[in-house]
Structure formats: C-alpha cells, structure tokens
2 protein chains.
Amino acid sequence: MLKEDRHNIIVEETVTNGSSSFQSLSKKLAVSEDTIRRDIKELDNKGLLRAVRGGAVSVSRIPHHYRDRENTDIDQKKIIAQKAVSLIKSGQVLFFDGGTSVLELAKILPLDLKVTIITNSFPVANAIEDHPTAELIFLGGKLNKTSFSTYGNETLQGIAKFKVDIYFLGICSIAPDKLSCKDLEEAETKIAMMRHSVKTVGLCTSDKINSESPYFVAQTGHMHTLITENSKGTPGTKALARLGIEIL
Amino acid sequence: MLKEDRHNIIVEETVTNGSSSFQSLSKKLAVSEDTIRRDIKELDNKGLLRAVRGGAVSVSRIPHHYRDRENTDIDQKKIIAQKAVSLIKSGQVLFFDGGTSVLELAKILPLDLKVTIITNSFPVANAIEDHPTAELIFLGGKLNKTSFSTYGNETLQGIAKFKVDIYFLGICSIAPDKLSCKDLEEAETKIAMMRHSVKTVGLCTSDKINSESPYFVAQTGHMHTLITENSKGTPGTKALARLGIEIL
DNA sequence: AAATATAATGCAAAACATTGCAAACAATAG
DNA sequence: CTATTGTTTGCAATGTTTTGCATTATATTT
C-alpha cells in the first residue's frame, strides 16, 4: 500500500468518525503505531486533521461553542427542519437567519431545489456551499464572533434591498404576545428580515414557548407560521393558534 | 508492446484504482520497475497523474477544489505569509482577498495586532473568527462555490465604501506587464480592492511568475510590493523590480 | 508523588529513488 | 549492407526515505 493511500484512509476515517486512534488505524492499516503517529503529524502540518493525544480529530471550520449549541436538541431540530422544507418551492427567494434550527433546514435542503438563499450566518453559508443548485447571497457586515453571523448597518441595508418569499426565523424566545432575543443587533436583523419578506415562518423547539429575552423583536401576530417538533398541540401553541398563527 | 500502450494502461489503472504501485504495474506489464518509474515520471510531467513514493496517484482529485488548493505549496505560502505579516501595523485597515497565500497570512496574524480586516473570503473570515483582537468586516454578495468568496455588484459596492491602508492581493498569474486571473468576477473584485487601497501588496508563489490567465486585472506597475517565497532574485523578479516594484 | 500511559528521539534495517552505464533496438543516411 | 545516431530498457552502485523497535522524555491518572 502506498503512503498516499494510507494518508487518504486516515483522513477519511478521521473525518467520517470525527476522530481516530493510533491503535485502530494501526490495526486497520497493518503498520506500527509509530508510523500512524508520524502520518498524523504530517497530515496535521498540512491542516487536514488535528493530531491529539492518542490519535487525531477532524478539523471543523465551526468552533466548539457554536457546535455544542448546534447539537443540542438535534432530533427535535431535524423534525422541525423536515416540516419547514415542505413549505419551500423551487424558484423562491428565502431569508435564513442565524438560528440553529434554521441551520438544520439549510443542511437538509433537497438537492434538486433551485432556490436563492439570503443569509447573514456563516454556518448556513457553509451548509449551502455544498448544495449543487441553491444560490447563496451573503449579507455583509461586522462579524459577531459568538453567533458567527454579520450585523450592523451594512447588514440591515443589505436586507432592505430585497423582498423575499419566506423568512425562516430562528426563535430565541416566544411569549404569547411577543418574540424576543438575547442580543440587540440580532433583534435588529430579525426585524429587518421580517419587514422585507412576504411571509415569516418561525422555527422553535417547544421548550422556548412561553419564555422571554431582553430584546424585543416583534408582536407574535406578525409571524404567519410557527413550526415546532410537537405535532399535537400544547397549551402554548393553542394560545398562539387563536392569534391566527398557523401551527405546524 | 508499445510505450504508448503501456502509458495508456498505467494511466487507466491509476485512475480507476485511485492509485497504482511500481510493483503491480511491473508485474502486469512485464517490464522492470525502473521502466515503470520512468513512465510515471513522464506522465507526471504531462499532468496525467501524480508520481508519489512507490507509484502514482490519480490526479482527478487534486487541486481544483478550494480545500485541496489550500494545502498545496503550503510551506512556500507560510514563508510568504511570514514576510507579509511584517508589513502590518496595529490600527491599520486591510483588504484580504480570496487567495490561498492570503489565507495563510490570516492564519498567522499575531494575536496582539489590532487591525480591521475587510474580506470577501469565507476561509479568511473563518481564520479571523478565532483572532482575539482583529475586527472583521465581511463583504456581502453572491457566493462563488469554487473559491468560497463573494462577488458581484453587492461586493463591489461594499469595497467602494472604504479606502484601506494595504490590500493583500493573491496573485493567480503574473506576466512582466500584467496581472491576470481565471475568473471574471474575481478580476472585478481585485480591481476594486486595488482602487480602494493606498498600497497593494501581491502574494505569489514563484511558479506563477511569467504565467497568464484569461481575465485582466491590472498593469503590473500598479502593484507596490511583490512577495514570493524565493528571497534571492530570479530573472522574473528582477524584471519586475526594474518596473519599480519592491520585491520581498 | 508514584505509577501508568502516551509521545518524542535515535538508530539500524529495509524499501525505495537516482544516477550512470551498457546492451538492445530502431531509424536514417551513406 | 553498414555505420551512425538516438531511444529505450535493465542492471548495479549510491543516496534518500520510511519504518519498527528500543530508549528516553513527557503527560495523565491515581
């Protein structure tokens, strides 16, 4: 076996599993652990993976604190994303904001869908990068290093240039009367996206229903559809349904 | 058997398997390993495959996708980035374009440097995300899925709002008289960045000197400084130095 | 702090690459 | 037909890289 082949297998193994150990690779490739160690050191230098004690881990463009958030309630978010995707039709233009449920939607976008996605979120952009037919317009602006999205005047002006079909809104907190979030700039972005879309669809794990955050986004009634992972209505969703919001 | 036939078989074997070894080819084609070695060296020169220790690997999965390009000539790019970083002072505002040498510069930016970086490149943005003090302004626009950078009217308008201290220009091709690149939109972006910066610093691995690409960017003379990994001047760099370009 | 596991280092054997050379072969001109 | 030239091929000598093992150093756990 060529060294090149071995390197490819190591990288592949590491990327698909998220990590790999000297032990397992040594057995799998029938070479000593020392050789694997040296291989991984080389691959680390090339930036193809990161060498750690005991083996290697895959390098991810998106840091951990975001990743953690991304992976909480992942099953619920997948259900929500599934429901949301059924609302999208080819040819539409969509706003995606920086929420993690919205990101999940970006990840499962059917490969034959020809849509234009406008976003201020780097993780969303990374997800769409690999999509064959979706077009992406990224909103410029200052970088928020915790949410990995852009904000500020530049971003708001960018949003104002469009009037899109659907805005997929990641919900931080929803009370019976109002939507709110944890960050002033994020709130401003969400407000602008709502104003420049025909229809607003909120994505929300049900634990966020009946919670509040410091920064006001909008009256709940301005949202057209709310998607949660829970199909049978809860008291919270029923109250929102009475306001005329479609619950999915 | 003709040499031509042998070459065809070698390429075919290498492409279908992803790789091939001197040993197996020698047995299969009933010639010595030395001959195979010489064949593969020839085919490598023609670009039909890549010679590696022990055999050859298929060239199909090599540089065309950004994530691969990122890792070619990495050592040279590191040298270039080291030289470039010495030009940066705290307080400056900088344009970084989407070149891979420029990305390397973004990665090694000293942690105490307080600069504002304006870029249209996602990889650069990802690199700067981790930096504690650098501020990042991202230029919105349409996404180019092969270079992972934005382009178009939106991007150009974004650029036009600034007049920065230094533009770090990733060079695709440089001939004695002109800079050029492989993509119309990329060329437009580079032109705009040059116009809206006080000083343009080109980063360029020396194999790109005296090459040409379809889309014109600028007269070479509009660049103030050129950085290559090769410190002792080559005929190519000396010609450029005579045009008044500082060579580092 | 001791015990244990893991990683870096030096080394020698093996695998592989490079170079130079001569034999084999083909093409061309005299 | 023969001499000349140029190319291709295999072989041997020499130089380089890779690899596994033993040793020493460094983390991690108890």
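Both backbone and side-chain heavy atoms feed into the values below; hydrogens, waters and symmetry mates do not.
The CG atom of A:Asn230 sits 11.0 Å away from atom SG of A:Cys204, with the distance rounded to the nearest 0.5 Å.
Note: NZ (B:Lys41) to P (C:dC16) measures 17 Å, nearest angstrom. Rounding to whole angstrom units, CG of residue A:Asp44 and C1' of C:dA8 are separated by 15 Å. The distance between atom CZ of A:Arg53 and atom P of D:dA27, rounded to the nearest whole Å, is 9 Å. The distance from atom NE2 of A:His7 to atom C1' of D:dT19 is 12 Å, rounded to the nearest whole Å. The distance between atom CG of A:Leu29 and atom P of D:dT19, rounded to the nearest whole Å, is 11 Å. Atom C1' of nucleotide D:dA25 and atom CZ of A:Arg37 are separated by 13 Å, given to the nearest angstrom.
In this pair, A:Phe168 and A:Phe96 present their aromatic rings perpendicular. The plane angle is above 60°, beyond the 30 to 60° band.
Side-chain contact annotation: B:Tyr215 with B:Asp183, donor-acceptor N/O pair under 3.5 Å absent. Using modelled atom types, one finds a donor on one side chain and an acceptor on the other under 3.5 Å when comparing A:Thr205 with A:Asp207.
Residue B:Glu12 places its CD atom among 12 or fewer non-hydrogen atoms of other residues, nucleotides or ligands, all under 6.0 Å distant.
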Under-3.5 Å N/O pairs linking protein and nucleotides 8-10 of chain D:
residue, atom, partner, partner atom, Å
D:dT8, OP1, B:Lys3, NZ, 2.9
D:dT9, OP1, B:Arg6, NH1, 2.6
D:dT9, OP1, B:Arg6, NH2, 3.4
D:dT9, OP2, B:Arg6, NH2, 3.0
D:dG10, OP2, B:Ser32, N, 3.0
D:dG10, OP2, B:Ser32, OG, 2.9
D:dG10, OP2, B:Thr35, OG1, 2.3
D:dG10, N7, B:Arg38, NH2, 2.7
D:dG10, O6, B:Arg38, NH1, 3.4

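The side chain to side chain contact (heavy atoms under 4.5 Å, CB included) test with B:Thr119 is passed by exactly one of B:Thr150, B:Leu136, B:Asp97: B:Leu136.
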